[in-house]
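Down below is the structure, laid out as structure tokens.
All values below were derived from every heavy atom in this structure, side-chain atoms included, with hydrogens, water molecules and symmetry-related copies excluded. This structure is a prediction, so every number in the text was calculated from the model and none was measured. Proteins get letters first, then strands, A, B, ... in listed order; numbering begins at 1 in each.
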Amino acid sequence: MEGAVKLGKVLVTSAWPYINVIPHLGNLVGSVLSADVAARYYRLRGDDVLLVSGSDEHGTPIEVEALRQGITPKELTDRNHTRVAELFKKWAISFDNYTRTESPVHREFVQETLMKIYRNGYIFSQETQMLYCENDQRFLPDRFVEGKCPYCGYERARGDQCDMCGRLLETTLLIEPRCVICGNSPAIKTTRHWYIDLSRFAEPLTNYIKNNQQLPLNAKNFSLNWIKEGLKPRAVTRDVAWGIPAPFPGAEGKTIYVWVEAVLGYVSATIEYCRRIGKPEKWREFWFDKSAITLYFVGKDNIPFHTIILPALLLATGEDYNLPWNVSATEFLQFKGAKASKSQRIGIWIDEALELFPADYWRFFLMATRPETKDTNFSWAFFIEKINADLNDTLGNFIHRTLSFINTRFNSEIPQPQKLTSEDEAVIQSIQDKVKELIHEFDAARLQSAANTLISMGRVGNQYLNEKEPWNLIKSDQERAASILYVAAQIVKAIAVASAPLMPSIAEQLWQTLKLPGSVHTSKWDEALTPLTVGHKIAKAAPLFRKIETDEKKLDETLTKLRDTMTKHA
RNA sequence: AGCGGGGUGGGGUAGCCAGGAUUAACCCGCUGGGCUCAUAACCCAGAGAUCAGUAGUUCAAAUCUACUCCCCGCUACCA
């Protein structure tokens, strides 16, 4: 059997979380979680899948946060990386490699690749003027400078934009500028930086984006527009101590811009994984084999880094890398109408969420509300609705009424059906159609629809049982009742497989209740449509979900309390 | 300001890029009915939307075009 089917290569990646803080649900939904759902789906399809990502840990905001806490940047990111990696495990994110930008493999790969691009003549250096804080001995990115807006007089305008009047600013125009870190007035200082000349890739990038059939509309339009407006050279170096040293001649003391290294991390993480499993050359299958699929899950704020910067870097190596096959870009998950903000306590963080409800509840909910075409809004009311009505009442109840019926009336054995009627066949057909629908949705990264389709399988089951009333038939026509439950049991099995990408532990629990061999996660998608054998004994069913009995107000209070105790421990 | 995305029954969403094979779909809620196997869960029927507005293209527009209003994001050194 082995080797009979050529497996598809699928590299699934997620934008690298920037770990100055723990991610919130909005960070998770479009990137890491979506990537995991997709990866789990492709594994079930039988593809050779690699899910990689890592912590993005360099740059000014990390340095500043470390300074605030009185520790070194490395101490900060060691701690946060460990914490975030643990949390992703609890969220059941099935990374093959969750690495970090401090990884030696990554550092070496970034430096080598940039030197390659440099030797190919796409990188030049140029002097520029930047604000410098003498007190902190640090160059200040625009957003680390505040001052009075020259247009509206707002006292806390940032160096790049005034939040009050919305105007874009030249940092040097700020009245009474001050360093956000220490409050002193910054000076203007000349410095040299290295730039990649993106404009030289305008044509290949345009062709690539136009011809990419998978790319969602938001990513496509945004990217084409960027190119149309004219690609400008982009600095690949920063005057920051905490980062990967720039390898260019004369660039001593400079580090690589975090986004440039983060996107190259997709490659380095693949290399690192393949070395670890003892197949150091295997990474090329994912990055150069033209039949391989590379799938990126990102939030809309970093579309250009994946549709323009990364492809440009890959093209600039001259090595025929695979460019992103799809960049699934989500809009934002808002919280009660506002953007998540740690300081204003708006939002829910991924550590807190798990203290309140099981990971699978969140996973399902987040996919069901995944902001695929527009921003969506988190509210407890909607969360409760999804968990109670969809998971518990529709899906969970169907599974439970079916299995417990088999437990009590058929001695926990899959009953022997008679010849199935056309109505029975129609229901089975309907479930097969749902499974096919799921395949289309997962293939197109339409994960929100997939969550709905999964629930609709429960609806089909509930309708079927209500219509056939096996609880009455069992009194008059035991054999007919047996047929009904046989069919219902097949639907349950299909649900067990189909729910695996979205709710891995619930799916596994169901798989074990059905007493099927091994794990649902090592089985195959086709199992969804393979019937349970007659006489097969199942375990005693227990409800898979519990209804949420509290209300919005109580949940908010619980969260606030939780937050206070967690802060104390931190 | 420029650019991108969005505005769809009371609430939440899909459909729009490739206009019509639908009476504008789905979930929640609401009204009425049914069922009692199941976690007071389930099922059926019904009310409720001229798809932000205006003008246009077309035999045909939620879908394409133009303009207007409102919300979100980005604007290249925040990451």
Practice task
Decide, yes or no, whether a salt bridge links A:Asp375 with A:Lys339 under the criterion of side-chain N to carboxylate O below 4.0 Å.
Solution key: no
Exercise for the section: Please check if the distance between the ring centroids of A:Tyr266 and A:His306 is under 6.0 Å. Expected result: yes
Practice task
Among B:C35, B:G5, B:C77, find the nucleotide with the atom closest to the side chain of A:Glu331.
Solution key: B:G5
Practice task
Counting Watson-Crick and G-U wobble pairs only, both distances under 3.5 Å, name the nucleotide matched with B:C16, or none.
Solution key: none
Exercise for the section: State whether a side-chain donor-acceptor pair under 3.5 Å links A:His106 with A:Thr101. Expected result: no
Handout entry: Polar side-chain contact A:Asp142-B:C77 base: donor and acceptor under 3.5 Å
Key = no
Exercise for the section: Respond yes when some side-chain nitrogen or oxygen of A:Arg234 is under 4.0 Å from OP1 or OP2 of B:C77, and no when none is. Expected result: yes
Problem - Nucleotide of B:A41, B:C28, B:U36 approaching A:Lys547 most closely (side-chain heavy atoms) - result: B:A41
Handout entry: Distance between C1' atoms of B:C51 and B:A14 (Å, rounded)
Key = 12 Å
Exercise for the section: Taking atom P in both B:A66 and B:C74, compute the distance separating them and give it to the nearest angstrom. Expected result: 25 Å
Problem - Sugar-phosphate, base or nothing in reach of A:Gly458, heavy atoms under 4.0 Å - result: nothing
Completion exercise
Among the nucleotides B:U39, B:C74, B:C27, whichever has the atom closest to the side chain of A:Asp390 is B:C27
Problem - Closest listed nucleotide, where the reference is the side chain of A:Phe222 and the choices are B:G4, B:A76, B:C43 - result: B:G4
Practice task
Check every atom of B:U13, B:C77, B:C27 against the side chain of A:Pro141 and return the nucleotide holding the closest atom.
Solution key: B:C77
Exercise for the section: Please lay out, stage by stage, how A:Phe365 and A:Phe357 fare under the test ring-ring contact (aromatic ring centres under 6.0 Å, His included). Expected result: CA-CA 11 Å; A:Phe365 168 76; A:Phe357 295 102; over 10 Å; no
Exercise for the section: Starting at atom CZ of A:Phe398, determine the distance to atom P of B:A38, rounded to an integer number of angstrom. Expected result: 15 Å
Exercise for the section: Specify the separation, in whole Å, of atom CG of A:Leu333 and atom C1' of B:C71. Expected result: 16 Å
Practice task
Could you give the distance separating B:U57 and B:C64 at their C1' atoms, to the nearest angstrom?
Solution key: 8 Å
Handout entry: Nucleotide of B:C77, B:A79, B:C37 approaching A:Phe305 most closely (side-chain heavy atoms)
Key = B:A79
Problem - Short side-chain N/O contact from A:Gln463 to OP1 or OP2 of B:C44, under 4.0 Å - result: yes
Problem - Assigned partner base of B:C42, Watson-Crick or wobble definition, under 3.5 Å - result: B:G34
Practice task
Using the P atoms only, state how far B:C16 lies from B:A62, rounded to an integer number of Å.
Solution key: 14 Å
Handout entry: Atom P, compared across B:C27 and B:C70: separation rounded to whole Å
Key = 35 Å
Problem - Nearest atoms (heavy-atom pairs only) where A:Ala488 meets A:Leu465 - result: CB-CD2, 4.0 Å
Handout entry: Nearest-angstrom distance, P atom, B:U50 to B:C77
Key = 47 Å
Handout entry: Ring centroids of A:Trp471 and B:C37 base under 5.5 Å with planes under 30°
Key = yes
Exercise for the section: Determine whether the side chains of A:Glu261 and A:His58 contain a donor N or O and an acceptor N or O closer than 3.5 Å. Expected result: yes
Practice task
Go ahead and name the base partner of B:C64; Watson-Crick or wobble counts if both distances stay under 3.5 Å, otherwise write none.
Solution key: B:G56
Exercise for the section: Could you give the distance separating B:A21 and B:A1 at their C1' atoms, to the nearest angstrom? Expected result: 46 Å
Handout entry: From B:C77, B:A79, B:G73, nucleotide with atom closest to A:Phe332 side chain
Key = B:G73
Fill in the blank from the handout: Note: A:Ala451 and A:Met367 closest approach over all heavy atoms is CB-C, 4.3 Å
Practice task
Remember a base hit wins even if backbone is also touched, and classify A:Pro543 as base, sugar-phosphate or nothing at under 4.0 Å, heavy atoms.
Solution key: base
Handout entry: Below 4.0 Å: OP1/OP2 of B:A14 and any side-chain N or O of A:Thr373
Key = yes
Practice task
Give one of base, sugar-phosphate or nothing for A:Asp56, where a contact means two heavy atoms less than 4.0 Å apart.
Solution key: sugar-phosphate
Exercise for the section: Measure distances between side-chain N and O atoms of A:Asn392 and base N and O atoms of B:U39, and say whether any donor-acceptor pair falls under 3.5 Å. Expected result: yes
Handout entry: Sugar-phosphate only, base, or nothing, as touched by A:Arg459 at under 4.0 Å among non-hydrogen atoms
Key = sugar-phosphate
Handout entry: Distance test, side-chain N/O of A:Lys300 to OP1/OP2 of B:G5, below 4.0 Å
Key = no
Practice task
Remember a base hit wins even if backbone is also touched, and classify A:Tyr257 as base, sugar-phosphate or nothing at under 4.0 Å, heavy atoms.
Solution key: base
Practice task
Indicate, with a heavy-atom threshold strictly under 4.0 Å, whether A:Thr402 touches base, sugar-phosphate, or nothing.
Solution key: nothing
Practice task
State plainly whether the residues A:Lys374 and A:Glu331 are in salt-bridge range, i.e. N to O under 4.0 Å.
Solution key: no
Exercise for the section: Provide, to the nearest angstrom, the distance between the CG atom belonging to A:Asn211 and the P atom belonging to B:C17. Expected result: 20 Å
Exercise for the section: With heavy atoms under 4.0 Å as the rule, sort A:Gln448 into base, sugar-phosphate or nothing. Expected result: sugar-phosphate
Handout entry: OP1 or OP2 of B:A14 under 4.0 Å from side-chain N/O of A:Lys374
Key = yes
Practice task
Could you check whether A:Asn302 gets within reach of a base, just the sugar-phosphate, or nothing at all, counting any heavy atom under 4.0 Å?
Solution key: nothing
Practice task
Return yes if a side-chain donor-acceptor contact under 3.5 Å exists between A:Thr77 and A:Glu102, otherwise no.
Solution key: no
Handout entry: Phosphate OP1/OP2 of B:A79 contacted by A:Asn20 side-chain N/O (<4.0 Å)
Key = no
Handout entry: Nearest-nucleotide comparison on RNA chain B, the residue closer to the 5′ end among A:Ala542 and A:Arg370
Key = A:Arg370
Fill in the blank from the handout: pair_partner(B:G73), Watson-Crick or wobble, both distances < 3.5 Å, evaluates to B:C3
Exercise for the section: Could you check whether A:Ile484 gets within reach of a base, just the sugar-phosphate, or nothing at all, counting any heavy atom under 4.0 Å? Expected result: nothing
Practice task
Determine the interatomic distance between P on B:G19 and the same-named atom on B:U75; round to the nearest Å.
Solution key: 34 Å
Exercise for the section: Side chain of A:Asn472 only, please: which of B:C37, B:A79, B:U36 is the nearest? Expected result: B:U36
Exercise for the section: Compare side-chain N and O positions of A:Asn221 against OP1 and OP2 of B:G5 and report whether any pair is under 4.0 Å apart. Expected result: yes
